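What follows is a single structure, written as structure tokens, with notes after it.
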Amino acid sequence: MKISVVIATLGGKQLLKTIKSLEFSYFQPNEIICVFAKHKFKPIFSKKINIKNIYSNNANQVLQRIEGLKHAKNHIILQADDDIIFEKYSLMHLVNAFLKKNSYKTLLGPVFVNKKNRIHFNYNEKNIISEIIKLIFCAAPLGSKKLGKITNLGIAYGINYKKKKNLFQSEWLPGGCILYHKNNKILKFPYKFKDKSYCEDLIHSLLRKKYNLNHFIVRKSKVYAPPIDYSNYSLFDILAEFKVRKYLLSYLNGNKIRYFIWCIFEIFNRFFKSVIR
């Protein structure tokens with residue numbers, strides 16, 4: 001199986017680490033397409049994998065990725081962020097799961113691992129106070145019922161990576177690493193949010209749901225990604241993200257009053273002390 005990896009990037013040392021992890025992967029992709037945001041960039045080369053260096057006129061992760069998808073020559077696509085580090089067998093486990101499902105309507109993602117704010121973690125570590133806060137402010141179901149779900153407020157929850165089951169069906173996939181057939185690529189994104197792609201993974205997951213596509217997390221496949229650092233978010237960034245999340249309510253029939261209550265709580269949660277993560 002030949003795979004095209006599409007990476008939207010601004011360049012930098014982290015991109016080199018991502019490509020290096022793919023070079024040492026047990027299952028190597030057939031090509032890597034690096035999509036830079038400017039006309040002037042330092043090309044990336046590899047002795048082991050064919051790399052295409054192209055540019056986009058848009059300095060936007062999603063729009064750059066769309067440009068890269070147009071250049072992919074293989075039927076199977078792996079979209080990846082430029083700060084993802086693949087374990088040696090990560091890609092192999094994704095490919096094996098894809099072959100096992102034997103369906104082009106399946107999209108697969110790995111477990112994301114980092115030291116804090118993990119997308120996927122052990123939900124058994126959560127206490128009852130955290131669960132109640134999620135229920136009240138995030139409209140999240142209690143316990144394991146929230147795993148892989150998107151609430152009607154547009155809040156998404158990952159899976160419990162401690163479970164023995166390898167394939168876990170989810171309502172959404174993090175956009176940082178997804179394997180799928182090229183027929184299922186998404187080549188659109190709400191243009192009014194083109195400056196920065198907040199919540200793009202949720203928007204695309206909801207769009208794919210309209211096409212009756214299925215999302216699965218492959219527990220055996222692990223990638224390393226830096227944690228979300230909200231200290232780098234300005235108030236302007238947070239309000240811009242909230243605007244996109246408000247847009248999601250139209251997909252989810254969410255309650256606007258409850259959503260604004262969540263926004264107030266989330267501002268305090270990010271700027272002061274996180275009590276629900």
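The shown structure was predicted, so the numbers you read here are calculated from the model rather than taken from an experiment. Numbers here simply count residues along the sequence, with the first being 1.
The main-chain N or O of His204 is never found under 3.5 Å from a side-chain atom of Trp172 such that the two would form a donor-acceptor pair. For Lys146 (side chain) and Ala140 (main-chain N/O), no donor-acceptor pair under 3.5 Å exists by modelled atom type. For the pair Tyr89 (side chain) and Lys222 (backbone), a donor-acceptor distance under 3.5 Å is absent. Remark: side-chain polar atoms of Ser221 are not paired, donor with acceptor, to backbone N or O of Pro110 under 3.5 angstrom. For Arg65 (side chain) and Ile7 (main-chain N/O), no donor-acceptor pair under 3.5 Å exists by modelled atom type. Side chain of Glu266 to backbone of Trp262: no donor-acceptor contact under 3.5 angstrom is found.
Thr18 and Asp82 get closest at one heavy-atom pair: OG1-O, 3.1 Å. For the residue pair His93 and Val218, the shortest heavy atom distance occurs at O-CG1, 3.9 Å. When all heavy atoms of Lys145 and Lys149 are compared, the pair lying nearest together is O-CG, 3.3 Å. Closest approach of Ile77 and Ala72 over heavy atoms only: CD1-CB, 3.5 Å. Annotation for Ile217 and Ser170: closest pair CG1-CB, 4.4 Å, computed over non-hydrogen atoms. Ser56 and Val35 get closest at one heavy-atom pair: CB-CG1, 4.0 Å.
For the atom pair CD (Glu67) and CG (Asn57), the distance works out to 8.0 Å, reported to the nearest 0.5 Å. The OH atom of Tyr104 sits 8.5 Å away from the CG atom of Asn183 when rounded to the nearest 0.5 Å. Rounding to the nearest 0.5 Å gives a distance of 4.0 Å between CD1 of Ile51 and CD1 of Ile19. If you take NZ on Lys47 and CD1 on Ile49, they are separated by 14.0 Å, rounding to the nearest 0.5 Å. For the atom pair Leu252 CG and Tyr247 OH, the distance stands at 11.0 Å (nearest 0.5 Å). To the nearest 0.5 Å, atom CD1 of residue Ile84 and atom SG of residue Cys177 are 6.0 Å apart.
Looking only at side-chain heavy atoms (C-beta outward), Ile76 and Phe98 come within less than 4.5 Å of each other. Taking the side chain as every heavy atom from C-beta outward, Arg258 and Leu153 approach each other to under 4.5 Å. Contact check for Tyr251 versus Lys210: side-chain heavy atoms found under the 4.5 Å cut-off. Side-chain contact between Asn53 and Ile44 is present, with heavy atoms from C-beta onward closer than 4.5 Å. For the pair Asn184 and Arg208, the minimum side-chain heavy-atom distance is 4.5 Å or more. Inter-residue side-chain proximity for Lys134 and Thr151 is flagged as unmet; no heavy-atom pair is nearer than 4.5 Å. The closest side-chain heavy-atom distance from Leu249 to Asn152 is not below 4.5 Å. A heavy-atom distance below 4.5 Å is found between the side chains of Cys199 and Leu248.
The cationic atom of Lys165 (NZ for Lys, CZ for Arg) lies less than 6.0 Å from the six-membered ring centre of Phe168 and within 45° of the ring axis. For Lys88 and Phe24, the positive end is not near the middle of the six-membered ring at less than 6.0 Å and at most 45° from its axis.
No more than 12 heavy atoms of other residues, nucleotides or ligands shown are found within 6.0 angstrom of NZ on Lys220. Heavy-atom neighbours of Leu99 CG from other residues, nucleotides or ligands within 6.0 Å: above the threshold of 12. The environment of Lys100 atom NZ is sparse: at most 12 non-hydrogen atoms of other residues, nucleotides or ligands sit within 6.0 angstrom.
With hydrogens and angles left out, the side-chain atoms of Ser205 and Glu171 include no donor and acceptor closer than 3.5 Å. For Gln61 and Asp81, the side-chain atoms include at least one donor-acceptor pair closer than 3.5 Å. Remark: the Asp237 side chain and the Tyr198 side chain contain an N/O donor-acceptor pair separated by less than 3.5 Å.
Side-chain heavy atoms closer than 4.5 Å link hydrophobic residues (I, L, V, M, F, W, Y) into clusters, and following such links, even through other members, never connects Phe45 to Leu16. Connection of Ile264 to Phe236 is not established within any shared hydrophobic cluster, with ILVMFWY side chains joined at heavy-atom distances below 4.5 Å, either directly or through further cluster members. Taken together through direct or relayed side-chain contacts under 4.5 Å among Ile, Leu, Val, Met, Phe, Trp and Tyr, Val5 and Leu10 form parts of separate hydrophobic clusters.
Residues Tyr55 and Phe36 keep their aromatic ring centres 6.0 Å or farther apart.
Between His75 and His181, the ring planes are parallel. Angles under 30° get that label, and only those over 60° would be called perpendicular.
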What verdict does the side chain to side chain contact (heavy atoms under 4.5 Å, CB included) test give for Ile3 and Leu91, after you've listed the backbone C-alpha separation in whole Å, the side-chain angles of each residue and the deciding distance to 0.1 Å? CA-CA 10 Å; Ile3 295 176; Leu91 190 49; 4.3 Å; yes
Let me see the working for Lys2 and Lys73 under side chain to side chain contact (heavy atoms under 4.5 Å, CB included), right down to the final yes or no. CA-CA 9 Å; Lys2 294 181 179 180; Lys73 69 179 183 180; over 6 Å; no
Would Leu213 and Tyr180 satisfy side chain to side chain contact (heavy atoms under 4.5 Å, CB included), going step by step from the backbone distance to the final call? CA-CA 10 Å; Leu213 302 178; Tyr180 52 89; over 6 Å; no
Please walk me through it: do Ile155 and Phe137 pass side chain to side chain contact (heavy atoms under 4.5 Å, CB included)? CA-CA 10 Å; Ile155 313 302; Phe137 291 101; over 6 Å; no
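The one candidate from Gln79, Glu31, His71 that meets the side-chain hydrogen bond (donor to acceptor under 3.5 Å, both in side chains) condition with Ser4 is Glu31.
Listed by chain and residue number, Ile85, Phe86 satisfy the side-chain contact (heavy atoms from CB on, under 4.5 Å) test with Ser21 (two or more places apart in sequence, or in another chain). Checked against salt bridge (Lys or Arg N to Asp or Glu O under 4.0 Å), Arg219 has no partners two or more places apart in sequence or in another chain.
Grouping Ile, Leu, Val, Met, Phe, Trp and Tyr by side-chain contacts under 4.5 Å, direct or through others, puts Leu135 with Leu142.
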